[in-house]
Amino acid sequence: MNFDRKEIVTVKRNQIEKVLKNNSEKNVRVKLKGTEKFLTTQWIDYDNDGKADELLFQAEVKAKSVSDFVVVIDTVKEPQSKAVAYSRFVPERIDDYAWENNRVAFRAYGPVAQQLVEEGKEGGTLSSGIDLWLKKVDYSIIDDWYAKNEKEAGYYHIDHGEGYDPYHVGASRGTGGAGVWVNDSLQVGKNYINYKTIAKGPLRTIFELDYAPWSQYQIKETKRISLDLGSNFSKFDIILKAKEQFPNYTIGITLHDKKGEININKTKGWFRHWEPIDKTFLGEGIVLNPELVTQAFANNSTIPDQSNLLIVTNPSKKITFYAGFVWTGSKQVNEVTQWDEMLNKQAEIIQNPLQVTVN
């Protein structure tokens with residue numbers, strides 16, 4: 001590609017079995033060839049059998065070039081950073097599931113939060129939409145914000161210098177919430193019912209959220225969500241099961257009070273919203289393979305939380321998309337054209353992943 005890349009890459013265990021022979025995974029190190037600079041690594045054990053399946057590290061590759069790295073056995077300590085990808089279940093805030101990296105943060109809502117709403121009690125949230133937390137700092141804030149919110153209710157809704165959560169989801173799709181578009185109406189699910197943490201970080205966090213059957217098609221949905229260090233986009237790998245074939249799996253972005261600006265780029269497969277929030281601007285976006293998209297449009301409604309930018313896709317048992325955002329308060333961008341450039345780049349990254357070969 002004609003731009004520099006800095007991304008998390010994956011090496012399969014079987015690609016480096018010779019290095020691992022008679023050696024512990026914990027002593028595997030990666031460094032840039034020709035240097036003594038060791039990189040931060042992460043192993044992921046997907047099936048939890050005690051034997052890691054993949055080795056991750058962050059590769060920097062200049063435009064139209066190749067970067068060489070060396071995998072070695074060593075006991076030297078890897079570099080540590082406050083900037084990490086991280087996720088966890090949050091029982092101290094009912095049953096949120098929250099995830100973040102050095103650029104963005106998100107959360108989803110669980111069954112107890114739903115139950116509180118359905119029983120008419122205070123403090124609950126009923127939504128399968130995805131919430132956004134706006135960060136100004138590159139270090140982890142989830143644990144600290146939740147802890148301080150326990151002592152001072154509403155703490156994370158106020159900017160204390162690190163960012164805050166001014167984003168309202170309600171019954172909307174937030175950024176990346178799903179539905180099915182049937183007879184000019186969006187049918188949606190409720191809160192997740194189960195979660196499974198696969199990897200907390202520090203380079204990539206991965207977890208799964210299961211949803212009870214929803215819509216007239218009784219769709220069972222499992223979202224495997226991952227977030228890499230350095231990325232503004234969460235990856236959603238969706239597995240779908242239903243009692244019958246269903247149409248129009250739909251991904252949405254809330255339009256809030258409809259004061260924002262929409263850009264639909266169906267050719268490249270990205271869709272965005274740019275809206276004022278307090279005295280700043282927030283850009284939300286969805287990126288996916290354009291061949292999966294049948295239509296995309298703004299569904300405006302007079303009902304609160306029912307106005308969404310909707311991306312309708314071909315029905316499938318599996319679908320992958322990326323949902324993310326950028327906030328001018330973080331100084332990552334200053335104007336909407338920069339957000340469009342980020343979305344363009346993300347679309348190119350998806351279509352042209354870095355190729356890893358092991359010699």
Side-chain angles (χ1 to χ4, degrees), residues 1-47 49-86 100-104 138-140 198-206 224 226-235 237 268 287 289 320 322 324 332 341-359:
M1 307 304 294
N2 61 0
F3 54 85
D4 296 348
R5 309 276 287 267
K6 185 176 181 180
E7 298 168 26
I8 306 303
V9 296
T10 299
V11 180
K12 301 294 185 182
R13 183 188 185 91
N14 60 13
Q15 293 179 290
I16 54 172
E17 282 289 2
K18 289 182 180 180
V19 178
L20 284 169
K21 188 176 181 180
N22 300 322
N23 291 296
S24 170
E25 295 165 359
K26 67 180 182 180
N27 290 332
V28 172
R29 300 289 183 267
V30 177
K31 61 182 178 180
L32 185 64
K33 187 176 181 179
T35 75
E36 293 304 313
K37 180 185 178 183
F38 285 89
L39 306 178
T40 300
T41 62
Q42 177 186 338
W43 284 98
I44 297 181
D45 180 3
Y46 284 100
D47 54 12
D49 65 352
K51 186 178 180 181
D53 303 303
E54 292 180 347
L55 176 68
L56 277 59
F57 65 94
Q58 190 172 54
E60 294 188 50
V61 188
K62 294 294 183 181
K64 299 183 179 180
S65 71
V66 173
S67 290
D68 292 320
F69 300 86
V70 183
V71 181
V72 299
I73 298 297
D74 206 314
T75 57
V76 67
K77 289 186 177 180
E78 292 182 339
Q80 302 294 314
S81 173
K82 294 189 298 181
V84 295
Y86 173 60
E100 66 174 326
N101 65 6
N102 54 324
R103 301 178 68 85
V104 289
D138 65 358
Y139 52 82
S140 177
I198 297 171
K200 285 192 172 182
L203 300 179
R204 174 176 294 164
T205 187
I206 309 172
R224 175 172 285 191
S226 58
L227 178 63
D228 285 1
L229 185 69
S231 177
N232 285 69
F233 299 89
S234 290
K235 182 182 180 182
D237 289 308
K268 292 190 175 181
V287 188
N289 183 344
T320 296
Y322 294 75
Q332 294 171 21
E341 289 172 9
M342 290 177 69
L343 289 159
N344 258 322
K345 184 177 287 188
Q346 183 66 22
E348 292 193 41
I349 286 171
I350 292 169
Q351 294 294 325
N352 302 276
L354 288 173
Q355 299 299 309
V356 180
T357 58
V358 181
N359 300 318

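Since the structure is predicted, the reported quantities are computational estimates derived from the model, not experimental observations. Below, all heavy atoms of this structure are taken into account, side chains as well, without hydrogens, waters or symmetry copies. Quick note: residue numbers are just sequence positions, from 1.
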For Val61 versus Ser67, what's the shortest heavy-atom pair and its separation?
CA-OG, 3.5 Å

Which atom names give the shortest non-hydrogen contact between Asp68 and Leu32, and what distance separates them?
O-CD1, 3.4 Å

Do Leu55 and Thr41 have side-chain heavy atoms sitting under 4.5 Å apart?
yes

Start with the C-alpha gap between Arg224 and Ile198, add the side-chain angles, then the distance that decides, and say whether side chain to side chain contact (heavy atoms under 4.5 Å, CB included) holds.
CA-CA 9 Å; Arg224 175 172 285 191; Ile198 297 171; 3.4 Å; yes

Under the ring-ring contact (aromatic ring centres under 6.0 Å, His included) test, which residues partner Phe38, sequence neighbours left out?
none

State, to 0.1 Å, how close Asp228 and Arg204 come at their nearest heavy-atom pair, and which atoms those are.
OD1-NE, 2.6 Å

Does this structure show an ion pair linking Glu60 with Arg5, if we count only N-O contacts that are shorter than 4.0 Å?
no

What do the steps show when you test Phe57 against Val9 for side chain to side chain contact (heavy atoms under 4.5 Å, CB included), and what is the final call?
CA-CA 6 Å; Phe57 65 94; Val9 296; 3.6 Å; yes

If we count only N and O atoms by modelled type, under 3.5 Å, do the side chains of Gln332 and Arg103 hold a donor and an acceptor together?
yes

If we count only N and O atoms by modelled type, under 3.5 Å, do the side chains of Gln58 and Thr40 hold a donor and an acceptor together?
no

Thr205 side chain vs Ala199 backbone, donor-acceptor pair below 3.5 Å:
yes

Start with the C-alpha distance between Ile16 and Val11, add both sets of side-chain angles, then the distance that settles side chain to side chain contact (heavy atoms under 4.5 Å, CB included), and finish with yes or no.
CA-CA 8 Å; Ile16 54 172; Val11 180; 3.9 Å; yes

Thinking salt bridges, do Lys345 and Glu341 make one under a 4.0 Å N-O criterion?
no

Side chains of Val30 and Phe69 in contact at under 4.5 Å (non-hydrogen atoms)
yes

Testing the 3.5 Å rule here: is there a donor-acceptor pair between the side chains of Asp237 and Thr320?
yes

Can you see which heavy atom on Pro353 is nearest to which on Ile350, and at what distance?
CD-O, 3.7 Å

Note: Asp53-Arg13 ion pair, threshold 4.0 Å (strictly below)
no

Considering non-hydrogen atoms only, spot the tightest contact between Val287 and Gln346 and give its length.
CG2-CG, 4.0 Å

Over all heavy atoms of both residues, which pair between Leu227 and Phe233 is shortest? Give the atoms and the distance, please.
CD1-O, 3.5 Å

Checking Lys64 against Asn2: is there a side-chain donor and acceptor pair closer than 3.5 Å?
no

Output yes when a side-chain donor or acceptor of Gln15 lies under 3.5 Å from a complementary backbone atom of Lys12, and no otherwise.
yes

Could you give me the CA-CA distance, side-chain angles and deciding distance for Leu20 and Val28, then say whether side chain to side chain contact (heavy atoms under 4.5 Å, CB included) is met?
CA-CA 8 Å; Leu20 284 169; Val28 172; 3.5 Å; yes

